[in-house]
Structure formats: C-alpha cells, structure tokens
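To start, the structure itself, in structure tokens.
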Amino acid sequence: MAPVRDVSGTENARAHHRDKAVPEGHDPDERGHFGPYGGRFMPEALIAAQDELAAEYEKAQRDPEFVDELGRLLRDYAGRPSLLTEAERFSEHAGGARILLKREDLNHTGSHKINNVLGQALLVKRMGKSRVIAETGAGQHGVATATACALLDLDCVIYMGEVDTKRQALNVARMRLLGAEVRPVDTGSATLKDAINEALRDWVTNVDHTHYLLGTAAGGHPFPVLVRNLHKVIGEEAREQALALTGRLPDAVAACVGGGSNAIGIFHGFLDDPVRLVGFEAEGHGVDSGEHCATLTHGSPGTLHGARSYLLQDEDGQIAEAYSISAGLDYPGVGPEHSWLKDSGRAEYQPVTDDEAMQAFRLLSRTEGIIPAIESAHALAGALRLGRELGPDGVIVVNLSGRGDKDMDTAANYFGLVPEADQEESQ
Amino acid sequence: MSLHEVFTACSRAGRAALLGYLPAGYPTLPRSRELFTAMVRGTGEGPGCDIVEVGLPYSDPVLDGPTIQAASGTALRSGFRVRDLFDVVSSVASAGGHPVVMTYWNPVHHYGPDAFARDLRSAGGLGVITPDLIPEEAEEWLAATERHELDRIFLVAPSSTEQRLALTAKASSGFVYAASVMGVTGARDSVGAAAAGLVERTRAHTDLPIGVGLGVRSAEQAAEVASFADGVIVGSAFVTRAEQQGPEGVAELATDLGRGVRAG
C-alpha cells in the first residue's frame, strides 16, 4: 500500500485515523447505540442469539485464524481488492469532474454483498449452527448468501417478497441452483420489508440452530456494527486507490442507500477525512406521488426490525409501503448509523428518482461499457449532480455496488428494448 | 381493580386467571366492541376472561403468526386508528372487564410514550404488554408507566438466561408474560414442555404472577397450563372463533377456557 500522509487536509485527524491498527471513535456504545439510534428493539426470545453473535464476533476479531481465513476468502474467492476505475467518458457528463468507480460489481456474485456474507458465514461455523436464513430484495444478498452457504456447506433458506421474485426471476433461479430454498413472501407489500418480517418469524422459531444472516447494516445490535465492519474494506481500499491514482483525497464519496450497507462501508474509509459523504436514496416516482423510499430525506425516527432509526411511517406509526424501481432500495427503513451521520451532519443524503437513476444507468452503459445495478445507478445519478456542483477540479468516488445483469428485464421494459415492444412500436 | 388484585382474587379462588386477546378494531370498530364484551362476559353459564388483552393492530407484527397477522390487517384496512384503541379499552372497562393493551413499540414511540400511558390510563387501561421492547431500551417507558400508574408487562422466553429473567422480572409489574415456546403466536396442538420449566425458572426471580402465552387453544391445554402458571393467555384461538362464529363463539370459548383454568 502506498504511504498516504503526504496529502492536503486535516493532518491531525487523518494521522489519528491511519496510525491506529483498528480505527476507533466511530463505534456505538456497548448496547449498540449510535447517539439516539440503534439499540435492540426486538423480542426477548432473540436477545440470547444476538448476545451470542456479538460475543462470537468479539472473539473472532481477535483470532488470527478467523482474520486470516476471511482475508483469504475475500482475496482468493471474492476477488478483492476490487478495482477503482476512472470513468472518463461518463465524467464528461458530470461537469468535467473526475469520477472514479469503486468496482464492487466485479466481486464474485456481482455486488458488495459478498463481503458481509463471507464474514457472517464464517461466524455461523464458529457458533456451530447449521442453518442460515436471509432476506433479499433485489436478490443480490440472497445470491451471495446462497453462495457462501454452498461454499461452507450450510443449509440455506432465502425469504423474498413475491413482487421481487417476479422482478428478479433470474436471481431466484440462481439461488435455487446454488442449493438454497427460496420462499416467496406474499404478506404486506410483498417486498423487502415483508421478507425481513418473515425471516424474523423463522428465526425466533428456529434460533437454536439457525443464524439470520442479515444483509444490511440495520437490525438490532450487533448487526449494524458487524455488517459495517465487514464492508469497511470497500472504503479502505477506495481511499488508498484514489490517493494512488489522483495524488489526493476525493472531494466527495457517493453511494446509494437502501438499508445502507455499501454506503456505510465506503463512508467509513473517509470518515476522518475532509471529504463529503453523500448518500443517495431512491425517491421512486417522486415525493409528491407518495411512492418512494427516501427514508432519511422524507422519514422520521421510529423503531423497525430491531433498531431505532429513520423510517417511513404514517401519522399512527404504522410502517409505510416503500417503492422504488430498484428492488434493493425498496425498504422503508435505514441502518441506524446513517441516521446518526445525518443528524450529526457528517454525511448528507439526497433523493434520486427512478427516472434520474435510469438515465444514469443507460449513460454509464453507453459511455463506459459498464452496466450497473439499478441500485448503484442512483449513486451515479447523484455523482452527475455532485460533479456539476464541483466542476472540472472535482474528484468523486462512486461506489458501484453491483452489476446490472439482474436488472435487464426491468431495463428492457423501461427503455422499450424488448422485441415485443419493438413489434408493437412498428405496427 | 388492579392487575395485582385480579390475580390475587383468582389465586384465592384456587385457580389461574384467564387472559383473552383480540386485536382492537377487528373486524370493524363496532363489531370489535361486541367481541370484547362477549369475551368479558362469557355465555352467562360461566364467567369470561378475567383480563382482556386489547391488541393494537400493527403493519409489521413480526411476532405474530398468520391468524393474528391477517386479523390486524383486516382491522387496519377497515380504518382502525391508534386513537380508536382508547375507545375500545374504555368499552372493555365499562363492560366490567380488566383491559391491558398488547402493542409493538413503534406506535407507542410515535404517539409519545408519556402521552400513550396517560391516555390509556384515563381510558381505564391497567397495563401494557410490549413484545418487542426489552427493559434495557425502556427508560422512557418505565418513567411514563410510573407516572401514570400503569403496569408494564415484559416478556420472558425459553431462551432467556437467568440474568435476563432477573432483569426482566424486576422491570415488570402486574405480571410477567412467559412465551411458552420459541416462535410466533398461533394455536398449537401442544404447548411446549419448555413452558413449565420457564415458569419455574422465572419464579426464582420474582413474586409477580406469571402468565403463559403462545399456543393455547383448548380447555384441556388451559387446564394443563393452569396447573403450573398463574395466568393462561389465549389469542389466536379467539381470533379464529371471532372470525367463524362472531360474539357467540367468543363467549363460548371464553366460558369453555374458563372451565379449563378452574380444572387446572
């Protein structure tokens, strides 16, 4: 790794950050509170399992065998470090600002999700559990979980909203091929939130031999800090790579935020730096339509799925149904650390509509030959906006959290690329 | 009558208390009042439920099985609002019942814990069961329930450690809710063997009455649970009866289960 101290900025803060083998100062209190957020708002029946997980993770972090095994899997199996690619032609549309893409799409299984899954699956083995359950929205976390379970010989059940099983049929097939059982969930809005509800019901029933491999940096303590730590590698690599490539820190880091795992992972590499951290939430059809999931922008604090955080709720505290063209962002909550970063002002959060995201989706495909996940396209749309603000001197790192193969049906319908649509148009 | 007094009266009569649950506003607000009244009064051949759990319908009931999920959804679709809860509680109290509320935490958080406790108390509510709130996160709630003299009922589960049983029992008042099995609500053929063990373990930490819930649906099961617990809690079976037979069915089940707790 290149030395990184010869760059401008707040030397003290950064030196403090970089000189520590394990960066400190951004952890929640011992009960998982990030300021007023986080904690454990969950059934007593699950507390023992959460305690067991927290204790095992504490031990594992200090166990060289675990650290080495995870490092080996990330390198030799997932393909880390992921590349940082300069997007020159795409940058021309961003006011000339230099846009650097952190290529989590090139990881095995096609997204950042593998980082978290490999870490948690190793913990499952250490805890002596034999069965893993998980929720999935877009299918990326489900595929990653099914993959890790195949690799480590664990039984795997994936809960997926019925609406999402249709939007992401290819990923359903992928999970089944990998040996996982996919259980469609038809309650509520039949999307990610409801898949989590159903996974929690399974967990409380089977917790003695089952681990709930939560896919985002949300849920009851220790999940937000566990999942974040497993994704911090994204930001640590990106920081070194950006310095090596440009000789300085970027002006801004952009990431999409649903539950917020890829964003918290990349943000953490830059928390002590003078770098703007911007999360882009899905605003669907726009705030006025009521069909969106821009939780931090339009929501209010409450408790959902084990933690206090911002969420979308009605005036009675009933959870609202979220909407986004992107199944992976379609969630009415968000990880508690993002709520804390928002309130503290360290990170900012902006909404991006379906249409903005889809334009960025097509633009990246056509200018760089990279088809992004629609989730990640929200960050790309945001980067175009930031670039125009910053101008030609700006440098922006975008977390390209996943690839878009799984989204081809949605994109084909959106842009009218399917043969049937061509025929209809020509008639 | 406080919850303490209800349990004491049952205990003096040599039996466990019967607690029945239904979601408020199910299937509609007026119909829901009739169902609760039937639950309180029973058929007339025997008394009904000693304590009534008024459920607050919630969009994301992660601890409920299909029966209560569906009923909560029905209540919400028929227009139930949180403010209606207090009317339902009032109507239970005026029918001679002893109402407690069972609610997930977010609606209380959103309403404001202090305002919720105040409004519930003035409607005649005696306590609140909070299945997804643990004492460590309940600082504001402990203060609100103290201030407004409401009992707060936390849950213990078969997976609870001794340390957590002690902590949870200490934070509770009125009674302690023991989940009979690891799982969600719903009628079961047998109540877990874990239930008796959990009650015994919990008793080592508290003098409060212990109610057992999850899975009880018949007079036989009620009698079995009544043999080792101070309260028998029945939910999904009442919902199913309400759906199939309305108030008459609910009254019959209350009386039938009442015979069960007297036989236990």
Side-chain angles (χ1 to χ4, degrees), chain A residues 29-33 36 38-52 185-189 193-210 219-221 300-309 311-321 332-333, chain B residues 56-66 69-70 72-73 76 80-85 103-112 116 130-140 154-161 163-165 167-168 176-179 181-186 194 198 214:
Chain A
D29 74 12
E30 59 179 14
R31 290 193 286 117
H33 297 109
R40 280 180 179 170
F41 292 85
M42 54 197 316
E44 168 63 24
L46 292 173
I47 298 297
Q50 301 275 90
D51 280 343
E52 181 192 11
V185 176
D186 63 3
T187 53
S189 54
K193 163 182 89 98
D194 310 285
I196 294 176
N197 290 345
E198 212 50 44
L200 284 168
R201 291 180 186 120
D202 180 319
W203 200 28
V204 77
T205 308
N206 300 299
V207 67
D208 58 331
H209 65 289
T210 297
H221 178 66
S300 57
T303 57
L304 175 66
H305 296 149
R308 179 181 283 153
S309 194
L311 44 95
L312 298 176
Q313 54 191 331
D314 71 11
E315 48 190 346
D316 271 356
Q318 306 284 354
I319 307 304
E321 292 196 1
Chain B
L56 178 59
Y58 184 51
S59 55
D60 293 78
V62 295
L63 272 174
D64 285 305
Q69 280 178 50
S72 298
L76 290 172
F80 178 85
R81 297 295 311 272
V82 169
R83 60 173 176 266
D84 300 327
L85 176 79
T103 179
Y104 290 91
W105 184 243
N106 195 53
V108 181
H109 176 273
H110 197 74
Y111 195 90
F116 189 90
T130 47
D132 61 350
L133 183 70
I134 58 173
E136 294 99 311
E137 298 289 356
E139 199 177 324
E140 201 181 351
F154 293 106
L155 277 73
V156 293
S159 61
S160 300
T161 59
Q163 192 191 3
R164 294 202 57 79
L165 290 178
L167 177 142
T168 306
V176 177
Y177 190 124
V181 292
M182 295 296 290
V184 296
T185 59
L198 175 60
L214 298 195

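Keep in mind that this is a model prediction, so the values were computed, not measured. Every chain is numbered from 1 and lettered A, B, ... according to where its sequence line falls, protein lines coming before strand lines. Just so you know, these numbers use all the heavy atoms, side chains as well, and skip hydrogens, waters and symmetry mates.
- Only the side chain of A:I47 comes within contact range of chain B, judged by heavy atoms closer than 4.5 Å.
- Rounding to the nearest 0.5 angstrom, the gap separating the CD1 atom in B:I134 from the CG atom in A:L46 is 10.5 Å.
- Within the 4.5 angstrom heavy-atom criterion, no atom of B:L56 approaches chain A.
- Residues B:V184 and A:T205 approach most closely at N-OG1, 4.2 Å, considering heavy atoms.
- Note: A:N197 CG to B:S59 OG = 8.0 Å, rounded to the nearest 0.5 Å.
- A 4.5 Å side-chain heavy-atom check between B:M182 and A:D208 finds every atom pair outside the cut-off.
- In terms of heavy atoms, A:E44 sits closest to B:V156 at CG-CA, 4.0 Å.
- Only the backbone of B:P57 comes within less than 4.5 Å of a heavy atom of chain A; no side-chain atom from C-beta onward does.
- If you measure heavy-atom distances from B:P131 to chain A, the contacts under 4.5 Å come from the backbone alone.
- Using modelled atom types, one side-chain atom of A:R31 and one backbone atom of B:E136 make a donor-acceptor pair closer than 3.5 Å.
- Listed options A:H305, A:R40, A:E321 were ranked by heavy-atom pairs under 4.5 angstrom with chain B; first place goes to A:R40.
- A:A48 and B:S159 make their closest contact through CB-O, 3.5 Å (heavy atoms, listed as atom of the first residue, atom of the second, distance).
- For A:L311, the part lying under 4.5 angstrom from a heavy atom of chain B is the side chain only.
- A side-chain contact (heavy atoms from CB on, under 4.5 Å) with A:F41 holds for exactly one of B:T130, B:N106, B:L133; it is B:L133.
- Of all heavy-atom pairs between A:D314 and B:H110, the closest is O-NE2, 3.4 Å.
- When side chains are defined from C-beta on, B:E137 counts as touching A:H33, because their heavy atoms get closer than 4.5 Å.
- Although no hydrogens or angles enter the test, the distance criterion places a donor-acceptor pair under 3.5 Å between the side chain of A:R201 and the main chain of B:P61.
- There is no contact between B:V181 and chain A, counting heavy-atom distances below 4.5 Å.
- If you measure heavy-atom distances from B:Y111 to chain A, you find no contacts under 4.5 Å at all.
- With a threshold of 4.5 angstrom between heavy atoms, A:E315 approaches chain B through its backbone and through its side chain.
- Between B:Y58 and A:T303, the shortest heavy-atom contact is OH-O, 3.9 Å.
- Taking 4.5 Å as the limit, some side-chain heavy atom of B:H109 sits within range of a side-chain heavy atom of A:R308.
- With chain B as the partner, the residue from A:I319, A:L200, A:D194 showing the most heavy-atom pairs under 4.5 Å is A:I319.
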